[in-house]
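The first residue of the sequence shown is numbered 1, and numbering continues consecutively from there.
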Amino acid sequence: MSKNDSELLGISLADTLVAMKRYLLMSFEQNHSAITFEEWMNLRPLLDQALTQRDLAFYLGKDKTTVSRLLDDWEKRKLVRRVPHKTDGRTKLIEMTSTARRIHQHLAGLVSKADLKFCSLLNKKERDLLIQGTAKIRAALLEPKKESSD
């Protein structure tokens, strides 16, 4: 028995994420944000630590050229800076500027408000199960692949 697309977990999650993203994009636009929701998401990995361009590309699931273009634009807008790596002189680390951190933190309120809206559509048990289920899938898919010894 084959499932139609709307019954497939991945398709259902992707469709839901698109709807949620559309809601957040609209919230950012209505608030005349200094950065887009997509930029807000793409800057998140840099909140905790400076990363190499390669690591940022991996984290975002984007190719090197796309990330290079993003970084060039962000650098011009004073959202990030490239700094020398402490131990590898050939490598630069990408770090968020204090301006970007302030913008990011300010917009986190919009994201939290949207999350409250999303959560209000589910009861506590449904929310907990959804969070647990998606965390389980994410963890399994992000685990490093073990080499088979065949």
Side-chain angles (χ1 to χ4, degrees), residues 5-122 126-147:
D5 285 353
S6 64
E7 294 175 336
L8 297 172
L9 179 61
I11 298 298
S12 180
L13 286 172
D15 288 348
T16 302
L17 289 174
V18 166
M20 293 168 83
K21 183 177 177 182
R22 197 175 299 126
Y23 183 90
L24 283 156
L25 288 168
M26 212 168 55
S27 295
F28 273 55
E29 286 175 16
Q30 289 171 348
N31 282 277
H32 308 289
S33 305
I35 60 175
T36 66
F37 172 66
E38 183 101 17
E39 288 173 317
W40 188 87
M41 288 295 295
N42 288 339
L43 285 165
R44 282 183 64 232
L46 299 171
L47 281 170
D48 296 327
Q49 63 183 348
L51 297 172
T52 65
Q53 184 172 326
R54 180 181 180 173
D55 289 343
L56 183 61
F58 176 79
Y59 185 87
L60 298 177
K62 298 184 185 293
D63 63 72
K64 290 188 305 185
T65 304
T66 300
V67 171
S68 181
R69 273 187 252 139
L70 279 176
L71 293 174
D72 288 345
D73 177 57
W74 291 348
E75 203 167 28
K76 284 179 196 162
R77 293 167 48 206
K78 309 279 191 238
L79 297 173
V80 299
R81 66 180 149 260
R82 292 175 169 109
V83 297
H85 193 284
K86 287 181 172 82
T87 58
D88 182 355
R90 301 166 297 160
T91 306
K92 298 268 187 194
L93 291 173
I94 312 305
E95 63 180 21
M96 275 178 104
T97 62
S98 57
T99 299
R101 286 183 186 285
R102 279 193 303 277
I103 292 168
H104 203 277
Q105 186 168 357
H106 171 72
L107 293 172
L110 283 178
V111 176
S112 293
K113 186 176 175 183
D115 194 64
L116 288 172
K117 164 107 174 131
F118 304 150
C119 288
S120 74
L121 303 171
L122 303 170
E126 290 170 327
R127 279 192 310 272
D128 291 347
L129 286 172
L130 181 61
I131 289 169
Q132 289 170 4
T134 55
K136 190 174 186 178
I137 292 168
R138 185 174 46 253
L141 295 176
L142 291 178
E143 279 183 9
K145 299 273 190 239
K146 292 186 172 88
E147 296 293 322

Approximate separation, where rounding is to 0.5 Å, of [X] [atom1] and [Y] [atom2]:
{"X": "Lys92", "Y": "Gln53", "atom1": "NZ", "atom2": "CD", "value": "12.0 Å"}
{"X": "Asp73", "Y": "Ser68", "atom1": "CG", "atom2": "OG", "value": "11.5 Å"}
{"X": "Leu60", "Y": "Arg44", "atom1": "CG", "atom2": "CZ", "value": "10.0 Å"}
{"X": "Ile94", "Y": "Asp55", "atom1": "CD1", "atom2": "CG", "value": "10.5 Å"}
{"X": "Leu70", "Y": "Thr65", "atom1": "CG", "atom2": "OG1", "value": "11.0 Å"}
{"X": "Ile35", "Y": "Asn42", "atom1": "CD1", "atom2": "CG", "value": "9.5 Å"}

Please list, one pair per line, the donor and acceptor atoms closer than 3.5 Å that link side chains of residues 109-121 to other protein atoms, with sequence neighbours excluded.
| from | atom 1 | to | atom 2 | distance (Å) |
| --- | --- | --- | --- | --- |
| Ser112 | OG | Ala108 | O | 3.1 |
| Ser120 | OG | Lys117 | O | 2.7 |

Taking the side chain as everything from C-beta on, heavy atoms only, tell me whether [X] gets closer than 4.5 Å to [Y].
{"X": "Thr52", "Y": "Leu93", "result": "yes"}
{"X": "His104", "Y": "Leu46", "result": "no"}
{"X": "Ile103", "Y": "Leu43", "result": "no"}

Crowding at CZ, Arg54 (>12 non-hydrogen neighbours, <6.0 Å): no
Pairs involving residues 53-82, ordered by first then second residue, that meet ring pair (Phe, Tyr, Trp, His ring centres under 6.0 Å) (sequence neighbours left out): none
Partner set under salt bridge (Lys or Arg N to Asp or Glu O under 4.0 Å) for Asp88, not counting sequence neighbours: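 Result, salt bridge (Lys or Arg N to Asp or Glu O under 4.0 Å) vs Asp88: Arg90.
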List the residues meeting side chain to side chain contact (heavy atoms under 4.5 Å, CB included) with [X], not counting sequence neighbours, and say none if there are none.
{"X": "Ala57", "value": "Val67"}
{"X": "His106", "value": "none"}
{"X": "Ile131", "value": "none"}

Residues which pass side chain to side chain donor-acceptor pair (under 3.5 Å) with [X], listed by chain and number, not counting sequence neighbours:
{"X": "Thr97", "answer": "none"}
{"X": "Thr66", "answer": "Asp63"}
{"X": "Arg138", "answer": "none"}
{"X": "Arg82", "answer": "Asp72, Glu75"}

Indicate every side-chain donor-acceptor pair of residues 20-32 with a distance under 3.5 Å to a residue at least two apart or in another chain.
| from | atom 1 | to | atom 2 | distance (Å) |
| --- | --- | --- | --- | --- |
| Lys21 | NZ | Glu38 | OE1 | 2.7 |
| Ser27 | OG | Tyr23 | O | 3.1 |
| Asn31 | ND2 | Ser27 | O | 2.8 |

Salt bridge (Lys or Arg N to Asp or Glu O under 4.0 Å) contacts in which one or both residues fall within residues 95-111, not counting sequence neighbours: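 Qualifying pairs: Arg81-Glu95.
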